[in-house]
Amino acid sequence: MSFVMGLNPMRTTGVKQLWRHACRLVAAAVTVAAISQPAYALIELDITQGNVEPMPIAISPFAGSGLQEDVAGQISQVVAADLQRSGLFRPIDPTAHIQQGMNVGTMPRFGDWRTIGSQALVTGSIAQQANGQIRAEFRLWDVFAGQQLIGQQFFTTPENWRRLAHIISDAVYQRLTGEKGYFDTRVVFIDESGPKDVRRKRLAIMDQDGANVRYLTRGDDLVLTPRFSPVSQEVTYMSYVGGNPQVYLFNIETGQREVLGNFPGMTFAPRFSPDGQKVIMSLQQGSNANLYLMDLRTRRTTRLTNTAAIDTSPSFSPDGSLVVFESDRGGSQQLYVMNSNGSGATRISFGPGQYSTPVWSPRGDLIAFTKVHQGRFMIGVIRPDGKGERILTEGYHNEGPAWSPNGRVLTFFRDTVGEQGGPQVWTVDLTGYNEQLVQTPNFASDPAWSPLLD
Amino acid sequence: MRKALGIERVKVGARLVLATGVLSGCAAMADSGTSLLPLTSDELAVFRDQIAGCWIPPHGSDGVVRLQFDLSRSGELVGTPQVLSSGKSPEYKAAATSAVRAVARCAPYSLPAEKYETWKTVTLNFDLRDMRGY
């Protein structure tokens, strides 16, 4: 904080400033004899703290012409739901809006929006085109500055309306938070149906909000640990075909599936490298497991660790230079970071309990993990140097964190006790306060987030 | 423009920007005074806390946004706050928008009337450097 007197305002520029200089010149001419020191001073303050609360935002129901009236309303509802779920926004109930019946061309009455406490406003219109497509337009307004922040137009087929809503949500999210959104994404997971002792497990995919569930396998073979490529619509996962666990590569667009490598032992915990060109995984030999890297083009495999221990769950740093993994080489399950060539492994977790399933954030600043201590299962984050461990959620059984592509939200699964209990997919953001259940048709486990679809 | 799985995106026409209160700003500035009584540290702290309470720092942003604005004797904002720093990244744009919004949202300000000449023009540095990463 500082108090500065007599700073020269002439260094600022712009039309308003020029006008201001003109005003001052007039004032100076009138009062010049009376002034013996600068006509004004400046207070200068540093604001280093803010109010961490969800931003109140109004999503005015989108206007739709003809056949698109319902679609228009649904799009604005999905945008509001996306923003609400992020925990960073608080959409204001449309029944409380004073200015009703807006379309994308309506000029907002900003006073009305300020009256209901809104800081930002989204308006939009959906119109049918002659070729069967829809034209969608939206604007994001800053209610206090009284100006438009975004205006965009899209053309697509009516069945794409949910994606359209997510793309609008991402644009609003990025303009107001400064970081990329994660709404136009999908999550692969294991759909679990049937009684607890004979669960049918199918690989499935859904939009990040739980809509549009599709099944990718039929449930004949057990499937586990699906992981999205960070750069394409490909998934790697483990499946017990013929009783032998193997790592598979699956292309979601084409449906093509292939076994990765032909190893003497069982392969586990596959995960893509940041460029999507390699898969890092664990190979069990006897009672040990070590980490291997496979180049997807040459299919050449490189051994990364060689210990009389169980090394598993490897995950690359986003720049590809480091790998975090879990190992019991020190006596109990802990997290280690090593160079991507396998050298220089260093333990980073030292708290009480056992640490597993580490996943490096796409932002690079944190590693998420599952921790078990005194019968409680926790999802937490830790910095790559082992400092700053924070538990985000805990309970009877939480497991398998996976990052949203912007590194702000984790998805994981939580199991519930009892005969009727089963796993469900949840999300939690980095504050730990915003925990959300993702509605799925059946029980669901092992979620993994796609990159942004664009 | 971009195309993503059959969705085409284009920018919507010209931005609609409302006129700001330049004339009222002129009136306030012409009203000059002669005394410059500094604000006490308590008065500055109250002022700073008022703004901090109105500011929702964007989660993805980093850096410092510097802006200046004028106040009327009754503590109302005169015109639109002027952003003195510059940047083109999404992080900076979000931060700058949030800072302007905070200043506008917080008005009117409770500041000692007898020291108006001291606080009629204010510069604020909204500093996000230690906020990122939670």
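Each chain gets a letter, A, B and so on, in the order its sequence line appears, and its residues count up from 1.
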State, yes or no, whether a side-chain contact exists between [X] and [Y] at a heavy-atom distance under 4.5 Å.
X	Y	value
B/Ile56	A/Val52	no
B/Phe47	A/Leu45	yes
B/Leu124	A/Glu44	no
B/Thr123	A/Ile43	no

Out of curiosity, [X] [atom1] to [Y] [atom2], how far, rounded to the nearest 0.5 Å?
X	Y	atom1	atom2	result
B/Arg48	A/Ile47	CZ	CD1	7.0 Å
B/Trp55	A/Asn51	CH2	CG	11.0 Å
B/Asp127	A/Asp46	CG	CG	6.5 Å
A/Phe144	B/Ser98	CZ	OG	13.0 Å

Subject >> Contact origin within A/Leu176 toward chain B - heavy atom pairs under 4.5 Å >> reply: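 For A/Leu176, backbone and side chain are both near chain B.
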
Subject >> A/Gln49 atom CD, neighbour heavy-atom count above 12 within 6.0 Å >> reply: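 Counting neighbours around CD of A/Gln49, 12 or fewer heavy atoms of other residues, nucleotides or ligands fall under 6.0 Å, so no.
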
**OP:** Evaluate whether atom NZ of B/Lys115 has more than 12 neighbouring non-hydrogen atoms of other residues, nucleotides or ligands under 6.0 angstrom away.
**Re:**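 Correct, the count exceeds 12.
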
**OP:** For residues B/Val100 and A/Ala145, report the shortest heavy-atom separation together with the two atoms involved.
**Re:**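 In terms of heavy atoms, the two residues are closest at CG1-CB, 4.4 Å.
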
Subject >> Minimal non-hydrogen separation, A/Gly178 against B/Ala94, with atom names >> reply: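 Smallest heavy-atom distance, with atoms named: N-CB, 3.3 Å.
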
Original post:
Yes or no on side chain to side chain contact (heavy atoms under 4.5 Å, CB included) for A/Glu179 and B/Glu91, after CA distance, side-chain angles and deciding distance?
Top reply: CA-CA 6 Å; A/Glu179 65 189 359; B/Glu91 293 86 353; 5.9 Å; no

Subject >> A/Arg175-B/Thr97 side chain donor-acceptor pair, cut-off 3.5 Å >> reply: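 A pair is found: one side chain offers a donor N or O, the other an acceptor, under 3.5 Å apart.
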
Subject >> Full working for side chain to side chain contact (heavy atoms under 4.5 Å, CB included) between A/Met55 and B/Arg101 >> reply: CA-CA 11 Å; A/Met55 179 194 286; B/Arg101 192 184 308 123; 3.0 Å; yes

**OP:** Using a cut-off of under 4.5 Å on heavy-atom pairs, state which of A/Lys180, A/Gln174, A/Arg114 scores highest against chain B.
**Re:**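 Ranked by contacts with chain B, first place is A/Gln174.
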
